[in-house]
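Notes follow once the structure below has been shown.
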4 protein chains.
Amino acid sequence: MTFTIRNGNKINKQEYGDGEMRARLERERETRRESIIEATEQLLNEKTFESITMDDIAMRSDFAKASIYQYFKNKEELLIKVFSRILEIKCRLIKEKCLSQADPVQAIRNYIRLEFEFIRRYPWGPRVAATFPFIDYQEVNYLFALYEQKKKLIAAIIQRGQTGGIFVKADLDVFTNMIISAGVGFVNYFSTHMSSDLQSPEIEMFISTIIKGITKGEQ
Amino acid sequence: MTFTIRNGNKINKQEYGDGEMRARLERERETRRESIIEATEQLLNEKTFESITMDDIAMRSDFAKASIYQYFKNKEELLIKVFSRILEIKCRLIKEKCLSQADPVQAIRNYIRLEFEFIRRYPWGPRVAATFPFIDYQEVNYLFALYEQKKKLIAAIIQRGQTGGIFVKADLDVFTNMIISAGVGFVNYFSTHMSSDLQSPEIEMFISTIIKGITKGEQ
Amino acid sequence: MTFTIRNGNKINKQEYGDGEMRARLERERETRRESIIEATEQLLNEKTFESITMDDIAMRSDFAKASIYQYFKNKEELLIKVFSRILEIKCRLIKEKCLSQADPVQAIRNYIRLEFEFIRRYPWGPRVAATFPFIDYQEVNYLFALYEQKKKLIAAIIQRGQTGGIFVKADLDVFTNMIISAGVGFVNYFSTHMSSDLQSPEIEMFISTIIKGITKGEQ
Amino acid sequence: MTFTIRNGNKINKQEYGDGEMRARLERERETRRESIIEATEQLLNEKTFESITMDDIAMRSDFAKASIYQYFKNKEELLIKVFSRILEIKCRLIKEKCLSQADPVQAIRNYIRLEFEFIRRYPWGPRVAATFPFIDYQEVNYLFALYEQKKKLIAAIIQRGQTGGIFVKADLDVFTNMIISAGVGFVNYFSTHMSSDLQSPEIEMFISTIIKGITKGEQ
DNA sequence: AATGAATGAGAGTTCATTCAT
DNA sequence: TATGAATGAACTCTCATTCAT
């Protein structure tokens, strides 16, 4: 199974039947926000968030430095936006590719694979998340909400597996935390320290091990 | 099982028969180096290495800023020293606490627990590792050697388990990579995003899941 | 004979038919560059370039220290700009005031006087030239070219004097080097160690001595 | 004529018949002062005085940095000592090599040659003199006295030449200032900007020009 | 006397942010 | 809205000098 991660938000060009000035301006504004975010994402592939300067972002996004502040309150808010956009996409894809799966085993498989897709698309994710100054900004609440949403989606999958007698019995919350931590943790570490190749045999071995570990009886 | 991580390098007291000035000065100097390293470790609990200033370190270690430069060439050299000291300790402890175990299952359990002990002692480890400028410094070669050493130790444990018919068959290298990534990854992620409590039930569930996944037949 | 040294580069006012924003900004920018250069020149009257700090320059030019870096890459680049501007002016004036003279004796007189004018206007010239880190910057090539140009101008004067049977016979290159070294050297030393008064009798005595020394027969 | 500039002050080793502790200690102290001065002179061949650090001097002279302050009040005092030692030697040599000459023309020749010898031995002289902070230190008075002494020596030579009807008539002070400025100035400039080769034909041409310029009638 | 250690003061430079147009 | 310009605050690192032994 291979996903292609598409940007679900970006509005590039779209015809609108009705000439509503206000809406068009709004849309253009959003487009410019997006291009700044994209520039930032590019730069995050190259260096630390802390070491990226507003000049870098301005240069890459073809805006004047001062203009960036018309779209984002400050550097940190920009980072949060970058991050939450990715989480939104991730949540949507979990719904589409995993929750829709009738078979809980397959759903879990897909979920772990999905995390891999993301790490390939945004390899700087763990690095940036690791150093993110999560506490200081209120927009972060939205980010936390997205984390919770994701957790609920995984929990739903697991519950279905337990109800169906396929997964082992365990406190649902504990089970969910464990699966997410194991999945995301493995993916982060493996791709950072060993290989980001989606075909690496370690990945399949990890998935099998986890599946075997959480299913009742033999697979 | 609980480990207590001791500093394996620090020279606190040493007997010396004769008042050899030179040697005493040398030791005092080392003590001061240590206290700077310790101040840095403390600060790493609180913020990014990049965001820690030499003023911070000076303040915390009760030296004047300029004095730090008598002990470390620059900020990066200081970080490398901090980091490699920890890796040395980790390697030593793996040998002592895991490799010495006759039972492979227990050895693997101990290893994952050990990673937890470290994350509690040095919670900033993953964060710092994630942003470390690994390429630019030659001392880094030593770190890589330590990583390899660690891998060999884990491989030895796994091989014993396979030879003894306890662990599933799989390419040794793949198996080792998988175990390390799963273990370290889970530990990093769980303690960063969820809880660093050693008693969290998720930890036991993770360990059990992995053990069940890699052992033949029923547990 | 008295010269008034005018700044040949500075753009103070310029007519421009149409309100071209871009051009105006460009000009304003240049004006600000000039005022930083001028502040630096002032300070060079008071102390070594090495001992002048960016804070000094900022203070004197009424900019914030950080602003200076919008106009010059660093302290050295600023010095080079200061320096090459002066050399350009000097070359231009030699052409105007000396080469244009029909009488070689008068031309040489004027040249030595000209060096005096410069030393009065930029007394720090020799001092700065003496400590300038000439090797490290590529713009320095331009300076060397100017030095060569000046030498050619003086050589032309001397050759005319030799052809006309007025100056003694001697290798043209040797003669030129001697005249420049004697002239500039005397001027530098005398004004630094004794007096920078243009009316000092030593100056006339020096000029007479040199003229007598290089002319055939009696003057 | 070629001089060899010898260090006239340095006491290296000397046997003393009588065991006067005090005097020996004094001598040893002086020896150490000398070796610091010598280290500084070496370094001045390599870089600006301002850019030479006390660490450099300590390293080169094989003292601990703090020890230097036992011999010199501060960096500037050290420089003044370096300088005045050279001037002392110069004054002595003028006496020996020039003032002793019966022929005033030959004496002037020797003097200019002597300046060349010095510039070869201490090429950094003009550079350092150019940037020296002459005003702030009282030891500088001694330096000025030496300058005056030198001037008197040259004046004596010139006066003899005038009395003997060999040199042109002119105010003695003006004449002396002119000769010193022309001589030292030429030497400084020529050796800095063109060549420090003692055999360069420009040197002989300069000397001849000056001699011709200041002598009555034909040479 | 000699020196290892310590340091206040300051250097040049950078950068997120704001101002003025 | 867009942006060139301006800047305060902070950074790492250096150095002449002093202290304590």
Side-chain angles (χ1 to χ4, degrees), chain A residues 25 28-29 32 49-58 61-79, chain B residues 21-22 24-26 28-29 31-33 50-58 61-78, chain C residues 21-22 24-26 28-29 31-33 50-58 61-78, chain D residues 25 28-29 32 49-58 61-79:
Chain A
L25 288 176
E28 282 174 355
R29 187 176 165 78
R32 287 186 227 110
F49 179 68
E50 291 195 62
S51 74
I52 294 171
T53 72
M54 292 307 264
D55 271 307
D56 290 336
I57 296 171
S61 63
D62 264 324
F63 280 91
K65 184 164 49 163
S67 304
I68 306 215
Y69 288 84
Q70 305 251 344
Y71 296 95
F72 300 93
K73 215 171 69 219
N74 55 35
K75 205 186 165 194
E76 273 73 26
E77 209 221 57
L78 169 54
L79 180 61
Chain B
M21 193 55 142
R22 178 60 73 95
R24 211 197 73 215
L25 286 178
E26 201 58 49
E28 282 173 354
R29 190 176 167 77
T31 306
R32 286 187 293 258
R33 275 178 74 93
E50 290 193 65
S51 74
I52 293 172
T53 72
M54 292 308 264
D55 270 310
D56 291 335
I57 296 171
S61 62
D62 262 323
F63 281 92
K65 184 166 47 166
S67 303
I68 311 263
Y69 288 87
Q70 294 217 334
Y71 298 93
F72 298 94
K73 217 172 67 226
N74 53 36
K75 206 185 164 194
E76 271 73 27
E77 210 222 56
L78 169 55
Chain C
M21 192 56 141
R22 177 61 72 97
R24 212 197 72 215
L25 287 178
E26 200 58 48
E28 283 173 355
R29 190 175 168 75
T31 305
R32 286 186 295 258
R33 275 177 76 93
E50 289 194 66
S51 75
I52 293 172
T53 71
M54 292 308 264
D55 270 309
D56 290 336
I57 297 171
S61 63
D62 263 324
F63 281 92
K65 185 163 51 161
S67 303
I68 311 263
Y69 288 86
Q70 294 217 333
Y71 297 93
F72 299 93
K73 216 172 69 226
N74 54 35
K75 206 186 164 194
E76 272 74 27
E77 209 221 56
L78 169 55
Chain D
L25 287 177
E28 281 173 355
R29 187 177 165 78
R32 287 188 226 109
F49 179 68
E50 291 195 61
S51 75
I52 293 172
T53 71
M54 292 306 264
D55 271 308
D56 290 335
I57 296 171
S61 63
D62 264 324
F63 280 90
K65 184 164 47 163
S67 303
I68 305 214
Y69 288 84
Q70 306 249 343
Y71 297 95
F72 299 94
K73 216 172 68 219
N74 54 36
K75 205 188 165 193
E76 274 73 26
E77 209 221 56
L78 168 54
L79 180 61

Specify the separation, in whole Å, of atom CZ of B:R33 and atom P of E:dG4. 17 Å
Secondary structure of DNA chain F in dot-bracket form (Watson-Crick or G-U wobble, distances below 3.5 Å, | marking inter-strand pairs): .||||||||||||||||||||
Nearest 0.5 angstrom please: C:R33 CZ to C:I68 CD1, how far? 11.5 Å
Rounded to whole Å, please give me the gap between CD1 in D:I68 and C1' in F:dT18. 15 Å
Tell me whether the side-chain N/O atoms of B:R32 come closer than 4.0 Å to OP1 or OP2 in E:dG4. no
To the nearest 0.5 angstrom, please state how far the NZ atom of A:K65 sits from the CG atom of A:D56. 10.0 Å
Please report, rounded to the nearest Å, how far the C1' atom of F:dT17 is from the CZ atom of D:F72. 16 Å
F:dG4 phosphate, OP1 or OP2, under 4.0 Å from C:R29 side-chain N/O: no
Measure CD/B:E28 against P/E:dA5 and give the value in whole Å, please. 8 Å
Over all atoms of both residues, closest heavy-atom pair of C:Y71 and C:E77: O-OE1, 4.5 Å
Would you mind classifying the nucleic acid contact of C:Y71 as base, sugar-phosphate or nothing, using non-hydrogen atoms under 4.0 angstrom? sugar-phosphate
I need the minimum non-hydrogen distance between C:A58 and C:A64, along with the two atoms involved. CB-C, 4.0 Å
Could you walk me through whether D:I57 and D:M54 pass side-chain contact (heavy atoms from CB on, under 4.5 Å), step by step? CA-CA 5 Å; D:I57 296 171; D:M54 292 306 264; 4.1 Å; yes
Distance, rounded to the nearest Å, where B:I57 contributes CD1 and F:dC13 contributes P: 10 Å
Confirm from the modelled atom types if D:Q70 and E:dA2 form a donor-acceptor pair under 3.5 Å, side chain to base only. yes
Rounded to the nearest 0.5 Å, what separation is found between the OG atom of B:S67 and the CG atom of B:D62? 11.0 Å
Nearest 0.5 Å, what's the CD-CD1 distance between D:E50 and D:I52? 10.5 Å
Given side chains that start at C-beta, do those of B:L78 and B:K75 come closer than 4.5 Å, heavy atoms only? no
For the side chain of D:F63, starting at C-beta, report the closest nucleotide among F:dT1, E:dT7, E:dT3. E:dT3
Are any of the side-chain heavy atoms of C:R32 and C:F63 separated by less than 4.5 Å? yes
All N/O contacts under 3.5 Å from nucleotides 11-15 of chain E to the protein, with atom names and distances to one decimal?
unit_1, atom_1, unit_2, atom_2, d
E:dG12, OP1, C:I52, O, 3.4
E:dG12, OP1, C:K75, NZ, 3.1
E:dG12, OP2, C:M54, N, 2.8
E:dT13, OP2, C:Y69, OH, 2.7
E:dT13, OP2, C:K75, N, 3.3
E:dT13, O5', C:Y69, OH, 3.4
E:dT13, O4, C:K65, NZ, 3.0

